[in-house]
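Residue numbers count from 1 along this sequence. Only a predicted model underlies this, so the values are computations on that prediction, with no experimental measurement involved.
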Amino acid sequence: MIVKEVDLASRFFEFSDLKEMLKYSGKKYGDKIAFVTKIKTKGSKEVSYKNTSYRGLYDEMIFLGSALFNRGYKDRRVAIIGENSYQWCLAYFAAACGIGVTVPLDKALEKEEIISCIQRSKSTIIFYDKKMEKMIDEIISSDDADIEFAATLDFDSGKSDRPSVSELIEEGRELVNEGYEDYEIRSIDRDAMAFLLFTSGTTEQSKAVMLSHKNYMSCIYGMCCEELFYPDDVNMQVLPLHHCYGMVGLLTFLVQGLKNTFCDGLKYVSRNLKEYEVTVMMSVPLLLESVYKKINKAIVAQGQEKKIAFALKLCAAVEKLGIDIRRRMFKPIIDQLGGHLRFFINGAAPIDPVVAKGLNDFGILTVNGYGLTETAPTIASESYRHIRAGSVGKLMPNVEGKIVEPNEDGVGELVVRGDNVMIGYYGDEEATKAVMRDGWFHTGDLAYFDEDGYLFITGRQKNVIVMKNGKNVFPEEIENLVNALPYIEESVLFTGKKHNDVVLWLKAVYDKNYLNENHISLTELEERFRCDMDRINKTMPVVKRVNKFFLSDRPTVKTTTQKTKRNLEIEEIYREMSERGLD
């Protein structure tokens, strides 16, 4: 990859808080489009598009906040739940920029979990969309939640007797036009809790993470200093905005004046990429690996393997001369992704290095990032100038990190510190003390730095399998090899027993479409899988060899960022094995 250094740090500065940041963007980018909202006509296939400018975004946030503030809602916890939308963002911003604390909730949670989050966060205001209306009505009418005000996130309130965001905006507009400014001039304590986020809880019950404006602004500044975006870039929001990774990514784009659009759903990704002429997208491994497999499947189906192999060699050769022809050579592939896509940012979990390299080779910059909700979230990331296979790049320029108690291979727990590190866990001082020690946040991830400062994550401490001989096995290492098989969608490594010893077992979820497309039976696929696992095992030291493995058509239990909830999934695996007589 040809790298031309850009002094990004000289272009940006760290804002005090989110309100200052949005005001800055409103003035700097003015009438430039900040958000595109698709509006579907009920009972018709026709759609229209509503554009919101950067100036309009800031003004409407002030109007919404002013309406709430004037109604007497000050220092409140504001819960927000529903599909990604412009209105969702407005409620999120308005709550944090003068009302009190924003509490984004996962719409995929069960009713009891939503009630628990509302209770634990002490939220008394809630914004919701029509899809959540029935559940929210039930929660409000019960004695389970102390909600004093509720509003819909839709453009109109429909049959609801509660106000919509649009109605509140108009209410606030009238107030501001008459000279009301109490909300806009309200000062913000950048060190105080402003965002209360519930972790995805992949291994245990979710924790409530307290984040401040300082945490967010530090992380956004670090991202701006590392990742290169262009004024005409278009972002499509695929990741759920209740998650820190999705929201901070969006805020980074808003600092830089990008146009932001919303995906209609995962099955519409390809169509939306073309529809909005998307250039930039934040994603997760499951989606990117699916995209890469589809590209390769099309190459094989069209008999283009030799042609593509030659083109890759040619691109590599001319690149040594300082010429990059990848996007021209692989235009048909880029056209499959809407024709404009240039940049994938991967997070939530490590992407298979083969997939990342493959997409980069096709001319689509694909970088790996790493972080946690507790670090708002980014700790490290690759960039256009820092890419190394298998790594998550280098530490953000305003983040310090080190490895504690490394083993003979340099692998130990990663600990970090910086302004991006959380205030703590809400209502759980004991849990906070467990991870915040001597000024360092203990990530719970095992990692090492190479000689050039690139960070490699080897696995979660809690996921590490300790064999009877004391050797450690990182499940992710073996799962990545299995997931690279063209007919495997995902896999989970776990332990079983054989002759009173601990052995490795593996469940692999196969792609059902692969059977029809390749005209083979499940029995034939199982035989192929057996041969592939034998091959993989031969490349492994004895301690890492998988003793028992099977194919399944049952997807793993996941969070909304598509990370497997390992403990719950292993319970499901044992249940499936019992049902199928595999135990």
Side-chain angles (χ1 to χ4, degrees), residues 202-203 284-286 289-290 292-293 348-355 390 446 457-515 520-559 562-583:
T202 56
T203 57
V284 292
L286 197 65
E289 287 162 10
S290 174
Y292 187 65
K293 284 184 179 181
I351 190 174
D352 181 348
V354 173
V355 173
L446 297 171
I457 306 298
T458 59
R460 290 289 292 170
Q461 269 189 330
K462 293 177 181 178
N463 293 346
V464 172
I465 297 171
V466 181
M467 308 303 284
K468 279 204 168 182
N469 61 3
K471 295 290 185 180
N472 291 337
V473 175
F474 304 111
E476 296 87 350
E477 177 187 1
I478 297 169
E479 290 164 359
N480 284 340
L481 293 174
V482 176
N483 295 346
L485 298 173
Y487 51 86
I488 297 300
E489 293 187 333
E490 55 183 331
S491 60
V492 178
L493 189 75
F494 59 106
T495 59
K497 286 192 175 182
K498 182 178 181 182
H499 306 310
N500 295 318
D501 196 6
V502 174
V503 293
L504 301 178
W505 290 359
L506 181 132
K507 164 190 166 177
V509 181
Y510 67 91
D511 180 357
K512 294 178 184 178
N513 294 325
Y514 190 88
L515 300 177
I520 62 173
S521 66
L522 178 56
T523 301
E524 291 172 314
L525 186 65
E526 287 176 331
E527 176 58 25
R528 181 176 300 182
F529 182 53
R530 186 190 65 75
C531 292
D532 284 332
M533 285 304 302
D534 287 345
R535 175 178 54 79
I536 290 172
N537 273 335
K538 287 178 182 177
T539 67
M540 292 286 179
V542 174
V543 71
K544 294 183 180 180
R545 290 179 185 174
V546 181
N547 186 268
K548 185 172 187 173
F549 43 83
F550 65 94
L551 290 177
S552 173
D553 61 359
R554 303 183 191 183
T556 64
V557 182
K558 298 183 186 68
T559 68
Q562 302 303 301
K563 290 188 287 189
T564 297
K565 293 186 175 183
R566 202 169 282 270
N567 284 0
L568 290 178
E569 172 55 26
I570 289 174
E571 289 178 14
E572 291 297 318
I573 287 173
Y574 286 136
R575 190 174 295 114
E576 179 182 359
M577 291 176 67
S578 178
E579 290 173 5
R580 295 174 56 185
L582 297 172
D583 50 350

Sequence neighbours excluded, the answer for salt bridge (charged side-chain N to carboxylate O under 4.0 Å, His left out) partners of R528 is none
Partner of L481 under side chain to side chain contact (heavy atoms under 4.5 Å, CB included), picked from N537, V546, I536, is I536
Hey, does L515 have a side-chain heavy atom less than 4.5 Å from the side chain of E524? no
Between F529 and the options Y514, Y510, F549, the ring pair (Phe, Tyr, Trp, His ring centres under 6.0 Å) test singles out F549
- In terms of side-chain geometry, is the basic nitrogen of R566 or E569 positioned less than 4.0 Å from the acidic oxygen of its partner? no
Does K538 come within less than 4.0 Å of D534, counting only side-chain N to carboxylate O?
-> no
Separation between CD1 (I573) and CZ (F550), nearest 0.5 Å, reads 5.5 Å
With a 4.0 Å cut-off on N to O distance, would you call E579 and R554 a salt bridge? yes
| request: Check whether any side-chain heavy atom of D352 sits under 4.5 Å from a side-chain heavy atom of N483, and report yes or no. | output: no
Across all chains, not counting sequence neighbours, the salt bridge (charged side-chain N to carboxylate O under 4.0 Å, His left out) partners of E489 are none
For residues K548 and V503, determine if any side-chain heavy atom of one lies less than 4.5 Å from a side-chain heavy atom of the other. no
Q. Between the side chain of E479 and the main-chain N/O of L493, is any donor-acceptor distance below 3.5 Å?
A. yes
